[in-house]
Amino acid sequence: MFEEASEVFDNMFKSSFPLTFIVFIPAVLILVSPLPTEAAHEFTVYRMQQYDLQGQPYGTRNAILNTEARTVEAEVLSRRCVIMRLVDFSYERYQKALRQSAGAVVIILPKNMSTMPQDIVQQFMELEPEMLATETIVPVYFALEDDELLSIYTQTLTTSSSQGSSSAAEVLIHTATANGFQMVTSGAQSKAVSDWAITSLEWLSYGADSNGSGVSMLLELARLFSRLYTYKRTHAGYNLLFFVSGGGKFNYQGTKRWLEDNLDHTDSSLLQDNVAFVLCLDTLGNGDSLHLHVSKPPKEGTTQYALLKELETVASSQYPEVKFSMVHKKINLADDTLAWEHERFGIRRLPAFTLSHLNSHREAQRSSIMDVRSVSPSSRHGVGEPPAGPYVDLRKLSRNTKLIAESLARVIYNLTEKGAPGDLQIFTEQMQVQEEQLSSVVDWLTAQPRAAQLVDKDSSVVSTLEYHLGHYLKDVRRHYVKADKRDPEFVFYDQLKQTMNAYRVKPAIFDLLLAVCIAAYLGVIYLAIQHFGVLYSVVRRITASKTKQH
């Protein structure tokens with residue numbers, strides 16, 4: 001019987017190649033067909049800013065990602081998605097990924113920034129401007145950590161670290177058996193946003209201290225002075241104009257175009273009358289210092305000089321813990337961007353200042369993603385270390401608001417010349433600064449992204465600010481700024497917020513080894529069938545010899 005079967009198989013596979021093809025190819029396809037990929041995790045990522053300012057490109061120029069994940073410990077990062085945690089981030093590692101033409105970089109940020117060491121946060125804030133100023137085709141994403149994302153990072157780190165093992169066999173075996181992750185974004189390639197308008201109702205970013213503190217202070221000042229200006233007997237001789245500008249991070253484009261429209265294209269404007277001074281509020285939610293930044297020191301006898309002296313008087317008489325000073329810096333038109341917002345007014349020959357607790361415009365926290373809403377332990381309990389990175393201290397924000405309100409009141413009511421003592425307080429009892437309102441405004445501003453690319457004219461941010469200002473002021477208006485189509489000063493791009501999927505997959509080496517094993521198996525089967533008669537005779541001789549021995 002076995003001899004007959006041998007002859008049948010032998011004749012079938014020797015004389016009928018198509019039959020061989022029909023029998024074995026479907027089996028091979030079933031064996032090598034990939035298993036369905038498993039979606040490991042879906043999470044939201046935020047792409048690093050992309051915009052053009054005065055013809056100069058900034059940020060990452062790509063938004064598409066579909067590649068395998070690695071950590072920066074891997075030797076080869078080309079066409080890989082490099083995942084790194086903030087605690088492990090350094091500029092050298094970031095540059096390593098860019099030099100090797102990585103497919104993308106994903107930086108995992110902790111949910112609670114106060115848990116990060118101060119030196120790590122400070123280092124990252126100092127690197128942010130350089131990262132943004134360096135144009136790169138590698139998409140750079142930021143994601144908030146969670147348990148699933150940290151698990152993906154840990155497994156990817158294990159895979160990447162194993163590539164540095166001393167034994168090639170160990171690397172091969174571990175690479176073949178380890179789980180990998182394919183990182184895929186759901187969005188399309190970024191493109192320029194046409195006809196986008198900057199609305200002058202905010203410095204639009206996530207910033208808490210810069211400049212959520214300035215906006216909340218402006219709203220509180222509007223509330224306080226609206227109560228004074230309600231009655232004729234307390235109405236001062238000055239008109240107050242409150243301006244919440246947009247596009248501050250883009251060289252103050254909102255302020256620039258607003259000035260152009262009110263000075264160059266309007267026959268009658270408040271700005272064409274006698275403007276005593278312009279006071280810009282920037283980054284005032286922390287610190288025990290208060291700096292009046294000026295482009296030109298005010299001359300004695302002017303209203304600007306009176307404001308300077310009143311700030312000094314109120315600070316020394318009512319808030320001795322505050323160190324007040326004037327910082328003089330000339331406008332440098334050769335720079336790509338202006339240092340402070342008051343310089344936009346200074347260029348148009350309007351006397352202007354900027355008040356800030358920062359001594360220099362180069363402070364990293366003015367444009368950092370680390371500037372989030374975080375209440376200092378000292379502001380709540382009176383003890384404890386402050387959290388890492390920028391934060392808003394409500395007590396100091398309230399104190400600075402009161403200091404500025406008292407100083408402005410002394411100027412517009414000319415209290416010093418009338419003999420009022422320096423420690424006279426105007427905003428007391430029912431007129432006092434409301435810390436709860438300051439807190440609620442800062443919480444609201446930092447609860448949503450306010451980047452100019454994400455806020456259109458119908459945004460709830462703009463409408464809510466307009467509604468809030470309308471409670472205290474008359475004739476509240478929106479001002480829209482659109483880039484010139486022929487020679488745009490700024491160009492925004494979309495795809496800033498995307499969904500990223502991490503799919504659990506086997507590495508490419510696994511597919512290669514599987515294909516080799518399948519080919520070897522099929523080769524052995526093919527040879528066995530082709531020489532079935534020989535194989536049968538050998539097996540028969542072996543079994544026969546064992547039978548004789550027994």
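Note that the structure is predicted; figures quoted are calculated from it, not measured.
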query = Would a 4.5 Å heavy-atom cut-off, applied to side chains only, mark L355 and N400 as touching?
reply = no
task = Indicate yes or no: at least one non-hydrogen side-chain atom of E42 is less than 4.5 angstrom from one of E148.
result = no
message = Taking the side chain as everything from C-beta on, heavy atoms only, tell me whether M500 gets closer than 4.5 Å to V106.
response = yes
key: Under 3.5 Å side-chain donor-acceptor pair for T134 and E130   = no
task = State which residues pass side-chain hydrogen bond (donor to acceptor under 3.5 Å, both in side chains) with H468; sequence neighbours excluded, sorted by chain then number.
result = none
remark   = Note: V105 and A97 closest approach over all heavy atoms is CG2-CB, 4.0 Å
ask   = So, does Q100 use its side chain to make a donor-acceptor pair with the main chain of L77 at under 3.5 Å?
value = yes
Pair D146-L144, side-chain contact (heavy atoms from CB on, under 4.5 Å): steps then yes or no = CA-CA 7 Å; D146 56 27; L144 291 177; over 6 Å; no
query = Within the distance-only criterion (no hydrogens, no angle test), does the side chain of N211 pair as donor or acceptor with the backbone N or O of L281 below 3.5 angstrom?
reply = yes
query = Is S101 reaching over with its side chain to a backbone N or O of S78, donor-acceptor style, under 3.5 angstrom?
reply = no
key: Sequence-distant partners of Y141, side-chain hydrogen bond (donor to acceptor under 3.5 Å, both in side chains), two or more places apart   = Q498
Centroid-centroid distance, Y472 to F242, less than 6.0 Å = no
All pairs passing ring-ring contact (aromatic ring centres under 6.0 Å, His included) where residues 98-118 contributes a residue, at least two apart = none
ask   = Should S440 and E436 be marked as a side chain to side chain donor-acceptor pair (under 3.5 Å) after you check the CA-CA gap, both sets of side-chain angles, and the distance that decides it?
value = CA-CA 6 Å; S440 62; E436 296 78 8; over 6 Å; no
message = How long is the straight-line distance from OH of Y58 back to CD of E135, given to the nearest 0.5 Å?
response = 11.0 Å
query = Taking C-beta and beyond as the side chain, do N359 and S289 meet within less than 4.5 Å on heavy atoms?
reply = no
task = Decide if the gap between the ring center of Y46 and the ring center of F142 is smaller than 6.0 angstrom.
result = no
ask   = Would you say the side-chain atoms of Q50 and S190 include a donor-acceptor pair closer than 3.5 Å?
value = yes
message = If you apply the rule side-chain contact (heavy atoms from CB on, under 4.5 Å), what do you find for Y51 with L132, and how did you get there?
response = CA-CA 10 Å; Y51 61 92; L132 186 61; 3.7 Å; yes
key: H479 versus D261, side-chain donor and acceptor atoms under 3.5 Å   = yes
inquiry  = Ignoring hydrogens, what is the shortest heavy-atom contact between T446 and V442? Give both atom names and the distance.
reply    = OG1-O, 2.7 Å
key: Shortest non-hydrogen contact between T283 and H357, atoms and distance   = O-CD2, 2.8 Å
request  = Go through D282 and R366 one step at a time and tell me if the side-chain contact (heavy atoms from CB on, under 4.5 Å) criterion holds.
outcome  = CA-CA 9 Å; D282 188 342; R366 290 191 70 211; 2.8 Å; yes
key: L284 backbone acceptor or donor facing K396 side chain under 3.5 Å   = no
message = Quick check on side-chain contact (heavy atoms from CB on, under 4.5 Å): which of F490, F492, Y493 does D52 satisfy it with?
response = Y493
query = Taking the side chain from N251 and the backbone from Q253, do they hold a donor-acceptor pair closer than 3.5 Å?
reply = no
query = Does D494 come within less than 4.0 Å of R47, counting only side-chain N to carboxylate O?
reply = no
ask   = With a 4.0 Å cut-off, would you call R257 and E489 a salt bridge?
value = no
query = Rounded to the nearest 0.5 Å, how far does CG of L53 lie from CG of D336?
reply = 8.0 Å
query = Taking only residues two or more places apart in sequence, or in another chain, which ones meet Q182 in a side chain to side chain contact (heavy atoms under 4.5 Å, CB included)?
reply = N66, E68, V184, Y503, V505
query = Between S398 and R395, is there a donor-acceptor pair closer than 3.5 Å when you use the side chain of the first and the backbone of the second?
reply = no
From CE (M131) to OG1 (T136), nearest 0.5 Å = 9.5 Å
ask   = To the nearest 0.5 Å, how far apart are CD in Q49 and NZ in K249?
value = 11.0 Å
task = Over all heavy atoms of both residues, which pair between G254 and V481 is shortest? Give the atoms and the distance, please.
result = CA-CG2, 4.1 Å
message = Let me confirm one number: the NE2-CG distance from H41 to N501, rounded to the nearest 0.5 Å.
response = 9.5 Å
query = Can we say E466 and R478 salt-bridge, meaning some charged N sits less than 4.0 Å from an Asp/Glu carboxylate O?
reply = yes
inquiry  = A side-chain contact here means heavy atoms from C-beta on lying under 4.5 Å apart; do I404 and L279 qualify?
reply    = yes
remark   = Heavy-atom nearest pair, Y252 first then L338, reads CE1-O, 3.8 Å
query = Do the non-hydrogen side-chain atoms of M217 and S213 ever get within less than 4.5 Å of each other?
reply = no
key: Within 45° cone and under 6.0 Å: R344 NZ/CZ vs W258 ring   = no
note = Heavy atoms of V138 and A104 approach each other most closely as CG1-CA, 3.7 Å
remark   = The single option from I108, I120, L127 that satisfies side-chain contact (heavy atoms from CB on, under 4.5 Å) with F89 is L127
ask   = Okay, side chain of T154, backbone of L150: is any donor-acceptor separation there less than 3.5 Å?
value = yes
query = Does any non-hydrogen side-chain atom of L333 lie less than 4.5 Å from one of I347?
reply = yes
ask   = What residues form a side-chain hydrogen bond (donor to acceptor under 3.5 Å, both in side chains) with H293, not counting sequence neighbours?
value = none
ask   = Does atom OH of Y467 have more than 12 heavy-atom neighbours, drawn from other residues, nucleotides or ligands, at distances under 6.0 Å?
value = no
request  = Take H342 and V278 through the test side-chain contact (heavy atoms from CB on, under 4.5 Å) and record every step on the way to the result.
outcome  = CA-CA 7 Å; H342 73 266; V278 179; over 6 Å; no
request  = Mind running side chain to side chain donor-acceptor pair (under 3.5 Å) on E341 and T255 for me, showing each step along the way?
outcome  = CA-CA 8 Å; E341 188 170 15; T255 303; 2.5 Å; yes
ask   = To the nearest 0.5 Å, what is the distance between OH (Y153) and CD (E145)?
value = 11.0 Å
task = Only counting residues at least two apart or in another chain, list the ones meeting side-chain hydrogen bond (donor to acceptor under 3.5 Å, both in side chains) with N332.
result = D335
request  = Check whether any side-chain heavy atom of L469 lies under 4.5 Å from a side-chain heavy atom of L218, and answer yes or no.
outcome  = yes
Salt bridge flag under 4.0 Å for residues R93 and E73 = yes
inquiry  = Can a donor-acceptor pair be found, under 3.5 Å and without considering hydrogens, that links the side chain of S439 to the backbone of E435?
reply    = no
